[in-house]
Amino acid sequence: MLAPKRLIGIAGGTFNFIGGTASIIIPIVIGFLAKGGDFTPALTLIACITFAGAMSYIFLVGKIERVQDFADFDLRNGKKLSS
């Protein structure tokens with residue numbers, strides 16, 4: 001699903017915020033996991049995150065199409081407004 005045209009900025013900002021937060025948190029977590037010099041726990045964490053992301057994409061995303069916005073319809077007769 002894609003966000004309605006009028007909500008593209010909010011959707012993009014939300015995804016950028018989540019990505020930015022991850023870019024701060026993940027290096028700290030990896031540093032904590034690898035502080036003894038063994039990177040096995042850190043690589044295992046990254047492998048698990050990657051696997052979870054791939055499975056989410058395969059099983060949860062579904063067909064990608066733009067969500068119809070109520071602003072695009074005349075609610076009285078249910079027909080799409082011309083744009």
Side-chain angles (χ1 to χ4, degrees):
M1 270 198 262
L2 294 178
K5 289 180 183 179
R6 65 184 178 88
L7 298 176
I8 291 291
I10 291 173
T14 302
F15 288 120
N16 284 330
F17 172 75
I18 292 168
T21 303
S23 71
I24 294 169
I25 293 172
I26 291 297
I28 294 169
V29 171
I30 288 176
F32 177 75
L33 292 173
K35 74 177 166 188
D38 182 19
F39 278 90
T40 304
L43 291 173
T44 303
L45 172 70
I46 296 302
C48 290
I49 291 171
T50 303
F51 182 74
M55 292 300 107
S56 296
Y57 181 76
I58 291 170
F59 294 112
L60 298 178
V61 171
K63 185 177 178 183
I64 298 176
E65 58 187 14
R66 186 167 306 280
V67 175
Q68 294 297 321
D69 193 358
F70 285 119
D72 294 339
F73 287 94
D74 181 358
L75 296 178
R76 285 173 271 168
N77 61 20
K79 293 185 180 178
K80 185 171 180 160
L81 299 174
S82 61
S83 48

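- The hydrophobic cluster containing Ile58 also includes Phe51, Met55, Phe59, under a criterion of side-chain heavy atoms closer than 4.5 Å among ILVMFWY residues, counted directly or through chains of members.
- Nearest heavy atom pair, residue Pro27 against residue Ala22, reads CD-O, 3.9 Å.
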Check: residues 13-20 side-chain donor-acceptor pairs under 3.5 Å, at least two apart:
residue, atom, partner, partner atom, Å
Thr14, OG1, Ile10, O, 2.8
Asn16, ND2, Gly12, O, 3.3

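- Put simply, the side chain of Ile26 reaches to within 4.5 Å of the side chain of Ile46, judged on heavy atoms.
- Leu43 and Val29 are members of different hydrophobic clusters when ILVMFWY side chains are connected at heavy-atom separations under 4.5 Å.
- Closest approach of Ala42 to Ile30, counting heavy atoms only: CB-CG2, 3.8 Å.
- Distance check, rounded to the nearest 0.5 Å: CD1 of Ile24 to CD1 of Ile28 gives 7.5 Å.
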